[in-house]
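This report concerns only the one structure given below.
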Amino acid sequence: MNHPTHQSSSDWIARSLRSVWHPCTQMQHHEEVPLIAVSHGKGPWLYDHEGRRYLDGISSWWVNLFGHANPRINAALKDQLDKLEHAMLAGFTHEPVVELSEQLASLTGHALGHAFYASDGASAVEIALKMSFHYWRNAGYPNKREFVCLQGSYHGETIGALSVTDVALFKDAYGPLLRASRTVASPDARNAVDGESAQDVARRAIKDVETLFEESGDSIAAIIVEPLVQCATGMAMHDPLYLELLRELCDKHHVHLIADEIAVGCGRTGTFFACEQAAIWPDFLCLSKGISGGYLPLSLVLSTDQIYEAFYSEDITRGFLHSHSYTGNALACRAALATLQIFREDDVLNKNRETATRLMLEMAPLLEHERVTNFRQRGMILAFDAVEPDAKRASTFARRFFTSAVENELLLRPIGRTVYLMPPYVLDEEDIVGLAARTRTVFEKVIAE
Ligand SMILES: *Cc1c(COP(=O)(O)O)cnc(C)c1O
């Protein structure tokens, strides 16, 4: 393919730094940290205008599942473009949104049969919080209006979602704007002490929830969790037992369970939904990121018949009065349908099991490394923490690692001292070996600096 390159990467970078305000970035750091101008992508690789390439080891912020410029998703979108790009979803409906809602309901065994759409993950979280509160008001419990989140939780950065987020970097500056929420212990298996197992940590963490629900259940609408892996805090993993015990407590104390599967859904942890590993369903399940294959902004909240029916009435004010202009966008839904079709056609969940095992084998030499702790894996997420005793070096570890990775044709962005791999599902044998080898090389280099 011939890609016109009228301008070089350095031209695009200079123009970008003048006019684009980049997300989650101290712009001044770009005086040292490279900005990369992407010209095109193919499979797990991104290319710049000079043809330099980068293996996308973090799925472009956890969204990409089946590679960049995937031929099957491209074809579906091209077909959809000539039919319908978008129509408002109030008073109208269309084939892609109906098909997608039915297929998602079916993937939950019809436990969660009602899909409400938005565009980004944070909006899905806002919707789940508002729906939970409104459900309790419709049901005659208007005092149930508090939300509970976990230590280290991340649910997005709009004001409502940020109020149930517990990552200092994102939250501290905006604290005065936020609604207070209750925070309970994280079941993070790294908290194990004195030979505790991950299940022991889960049992210990759940006691915190039990105490809170016993004291304040009457005023709590919902608890929100990232099932199995709290990603943004640094890939904190927990045992499925936690979710099982949490479901029981939520039932006992009449508190909604919101599963934020924005990052962990769509096969990322080994099952299509992370909750499946605990054999539970939440009252609300939020999806975004991978659901459109990483192509278009799409998010949604799945909920139960019981929730849906509490809003069903003659009275407009009992309805869920929430909308986004692009709710149920036809192109995004079509990308999602193409994504789900690939899951079926390629037996993706089984294939991922092999990829994950291969990746673990290639990374295994780091298991015994004296500068590595907490080596862990759940499905297609593999992570470890670097030991950097020097505080100053620890604070620059992530940036140094990123810079060195880029020099080694690798896109990885550690979170603090946590290095993680969260690649697209289309790695071939050479990619797997290359991803692991590059990661190990970069790690050795960065800790030796
Ligand atoms: C990314 C993420 C969000 C927010 O999604 P955006 O599309 O970035 O708003 C919410 N929850 C979790 C668990 C996420 O990983």
Side-chain angles (χ1 to χ4, degrees), residues 21-25 58-65 116-132 147-167 169-171 174 178 181 183 186-188 222-238 242-243 257-269 273-275 282 284-302 322 324-327 329 332 335-336 339 378-381 383 413-416 418 420-423:
W21 200 337
H22 292 268
C24 200
T25 300
I58 56 168
S59 302
S60 287
W61 260 356
W62 320 343
V63 299
N64 189 287
L65 300 190
F116 194 99
Y117 288 88
S119 313
D120 52 72
S123 299
V125 168
E126 302 279 342
I127 287 164
L129 298 175
K130 283 176 72 178
M131 260 188 190
S132 171
F147 298 110
V148 183
C149 63
L150 272 55
Q151 260 165 21
S153 59
Y154 178 90
H155 299 290
E157 295 169 47
T158 54
I159 290 183
L162 197 55
S163 70
V164 288
T165 285
D166 183 44
V167 177
L169 176 67
F170 302 121
K171 187 164 190 171
Y174 308 103
L178 305 177
S181 59
T183 309
S186 166
D188 182 354
I223 180 166
I224 182 164
V225 294
E226 296 158 83
L228 301 184
V229 189
Q230 296 180 278
C231 296
T233 192
M235 302 300 154
M237 302 187 184
H238 59 256
Y242 181 79
L243 302 170
L257 176 54
I258 303 173
D260 176 350
E261 297 223 7
I262 289 167
V264 295
C266 302
R268 187 52 76 179
T269 65
F273 298 109
C275 281
F284 302 93
L285 190 150
C286 305
L287 273 189
S288 186
K289 291 201 165 101
I291 187 63
S292 73
Y295 266 68
L296 287 160
L298 178 68
S299 68
L300 56 105
V301 179
L302 298 173
H322 183 104
H324 296 284
S325 310
Y326 281 98
T327 299
N329 176 258
T339 300
R378 173 75 65 177
M380 290 294 284
I381 306 175
R413 276 173 61 114
I415 301 169
T418 298
Y420 71 93
L421 309 180
M422 199 159 166

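Because the structure is predicted, anything quoted here is derived from the model rather than measured. Numbers for residues simply follow the sequence, beginning at 1. Both ligands and their constituent atoms are indexed starting at 1 by order of listing. Side-chain atoms are counted along with the backbone in the values below, which use heavy atoms only and exclude waters and symmetry mates.
Residues passing the side chain to side chain donor-acceptor pair (under 3.5 Å) test with Thr165: none are found, sequence neighbours excluded. Here His322 pairs with Lys130, His324 under the side chain to side chain donor-acceptor pair (under 3.5 Å) rule; sequence neighbours left out. With sequence neighbours excluded, the residues forming a side chain to side chain donor-acceptor pair (under 3.5 Å) with Thr158 are Glu126, listed by chain and number.
For ligand 1, the 4.0 Å heavy-atom shell takes in Trp62, Asp120, Gly121, Ala122, Tyr154, His155, Gly156, Glu226, Asp260, Ile262, Ala263, Lys289, ordered by chain and residue number.
From Ile381, atom CD1 reaches atom SG of Cys231 across 4.5 Å, with rounding to the nearest 0.5 Å.
Closest of all the heavy-atom pairs between Thr269 and Arg378 is CB-CG, 3.8 Å. Shown here for Ile258 and Ala128, the closest heavy-atom pair between the two residues is CG2-CB, 3.8 Å.
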